[in-house]
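What follows is a single structure, written as structure tokens, with notes after it.
Predicted, not measured: the structure shown is a model, and the values here were computed from it.
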Amino acid sequence: MLDAVTLKEIAGLYLPSRWHYYYAHSKLRTDPLYAAVAGALAGTDPPLLDLGCGVGLLPHYARAAGISLAYVGVDNDAPKIRLAREAAARGGLADVRFETVDLARGCPAHQGSVAILDMLQFLPPERMQPLVIEAARCITPSGRLIIRTGLQDSGWRARVTRAADSMARTIRWMNAAPRVYPTAAWLRAELAAQGLTVSFTPLWGRTPFNNWLIVARR
């Protein structure tokens with residue numbers, strides 16, 4: 001985890017919007033996602049494609065953690081992409097690019113590492129398998145496929161996760177409602193079929209959500 005001063009500096013790049021400043025600061029301070037992704041990418045050098053990048057917090061955290069990979073972030077939410085571009089410009093991030101892309105239509109061409117963070121459940125159900133396969137085929141021998149997702153199971157955390165994702169749509173932070181969550185067995189089988197070895201790690205942190213970090217490699 002980065003120090004508190006650095007987290008505030010990153011959040012400050014989303015000013016003058018106080019709402020986005022507080023969102024970024026809270027997300028960076030409380031969510032174990034960014035430190036976990038930085039750890040998974042440490043020691044790698046292929047470029048990173050971030051599918052569903054939102055407002056683009058990941059490259060700021062990665063650069064501050066000493067990970068200087070070339071980065072492309074894509075999302076179907078054009079206002080978030082605009083915010084991501086503005087924050088990256090304020091932060092002087094080099095070799096970082098953001099594009100508005102509808103992942104329901106397909107994954108951009110890429111070779112290297114891929115991140116799919118908190119977005120699988122928002123895809124049309126018929127697009128989840130093709131996107132996972134397309135992302136897996138992008139992974140080079142030294143690359144990583146990093147997925148953070150809620151998993152479908154019978155536990156209380158899964159119910160809380162669905163409720164929180166539905167609320168994000170209600171307040172219009174997300175432009176789609178959650179649809180289907182993958183199971184661990186399904187993800188493991190799909191990635192193994194693409195020649196990847198997979199690890200699953202709980203990534204709940206201090207939250208009630210059923211979040212897991214999945215890291216796959218050749």
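- R137 places none of its side-chain heavy atoms less than 4.5 Å from the side chain of H110.
- At least one side-chain heavy atom of F98 sits less than 4.5 Å from a side-chain heavy atom of P59.
- Scanning all heavy atoms of the two residues, the minimum distance from Y14 to R90 falls at CA-NH1, 4.3 Å.
- A distance of 9.0 Å separates CG of D77 from CZ of R82, quoted to the nearest 0.5 Å.
- Atom CZ of R97 has 12 or fewer neighbouring heavy atoms from other residues, nucleotides or ligands inside a 6.0 Å radius.
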Intermediate values then yes/no, side chain to side chain contact (heavy atoms under 4.5 Å, CB included), K80 and H20: CA-CA 10 Å; K80 287 183 180 177; H20 288 109; over 6 Å; no

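- Side-chain contact between R188 and F200 is present, with at least one heavy-atom pair separated by less than 4.5 Å.
- Applying the side chain to side chain contact (heavy atoms under 4.5 Å, CB included) test between R148 and each of D31, T201, I116 identifies D31 as the sole match.
- Residues L145 and Q194 have side chains not in contact (no heavy-atom distance under 4.5 Å, counting atoms from C-beta outward).
- Here the side chains of Y181 and L151 are not in contact, with every heavy-atom distance at 4.5 Å or above.
- The shortest distance between side-chain heavy atoms of L93 and H60 falls below 4.5 Å.
- In terms of heavy atoms, G150 sits closest to N211 at N-OD1, 3.9 Å.
- In this structure, T207 contributes its side chain and W204 its backbone to a donor-acceptor pair below 3.5 Å.
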Show the atom names and distances, to 0.1 Å, of all donor-acceptor pairs under 3.5 Å that link a side chain in residues 37-54 to residues at least two apart or in another chain.
from	atom 1	to	atom 2	distance (Å)
T44	OG1	L41	O	2.7
D50	OD2	Y71	OH	2.7

Evaluation steps, side chain to side chain contact (heavy atoms under 4.5 Å, CB included), between F122 and N76: CA-CA 11 Å; F122 296 105; N76 71 347; over 6 Å; no

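- When hydrophobic clusters are built by joining Ile, Leu, Val, Met, Phe, Trp and Tyr residues whose side-chain heavy atoms come closer than 4.5 Å, directly or via intermediates, L13 is grouped together with W19.
- No side-chain heavy atom of L2 sits less than 4.5 Å from a side-chain heavy atom of L28.
- In the hydrophobic clustering of ILVMFWY residues, with side-chain heavy atoms under 4.5 Å counting as a link, Y23 and Y21 come out apart.
- Atom CD1 of residue I214 and atom OG of residue S199 lie 8.5 Å apart, to the nearest 0.5 angstrom.
- Closest approach of P182 to M128, counting heavy atoms only: CB-SD, 3.9 Å.
- V215 and I133 fall into different hydrophobic clusters, where Ile, Leu, Val, Met, Phe, Trp and Tyr residues are linked whenever their side-chain heavy atoms come under 4.5 Å apart, directly or through other members.
- Here R144 pairs with nothing under the side-chain hydrogen bond (donor to acceptor under 3.5 Å, both in side chains) rule; sequence neighbours left out.
- Here the closest heavy-atom approach between residue L57 and residue K27 is recorded as CD1-CG, 3.9 Å.
- We find the CG-CD distance between L131 and E190 to be 11.5 Å, quoted to the nearest 0.5 Å.
- Here the side chain of R29 pairs no donor or acceptor atom with the backbone of L7 at under 3.5 angstrom.
- Side-chain N or O atoms of S26 include none that pairs as donor or acceptor with a backbone N or O of Y22 at under 3.5 Å.
- Scanning both residues, I10 and A64, for their nearest heavy atoms gives CD1-CB, 4.4 Å.
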T140/R218 under side chain to side chain contact (heavy atoms under 4.5 Å, CB included): CA gap, chis, key distance, verdict: CA-CA 7 Å; T140 57; R218 297 209 177 278; over 6 Å; no

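- For the side chain to side chain contact (heavy atoms under 4.5 Å, CB included) criterion with D118, the lone passing option out of T149, I147, L33 is L33.
- Evaluation of the side-chain hydrogen bond (donor to acceptor under 3.5 Å, both in side chains) rule for Q111 yields no partner, not counting sequence neighbours.
- Residue R63 comes nearest to V96 through the heavy atom pair NH2-CG2, 3.4 Å, listed as atom of the first residue, atom of the second, then distance.
- P108 has its side chain within reach of L103: a pair of non-hydrogen atoms, C-beta onward, lies under 4.5 Å apart.
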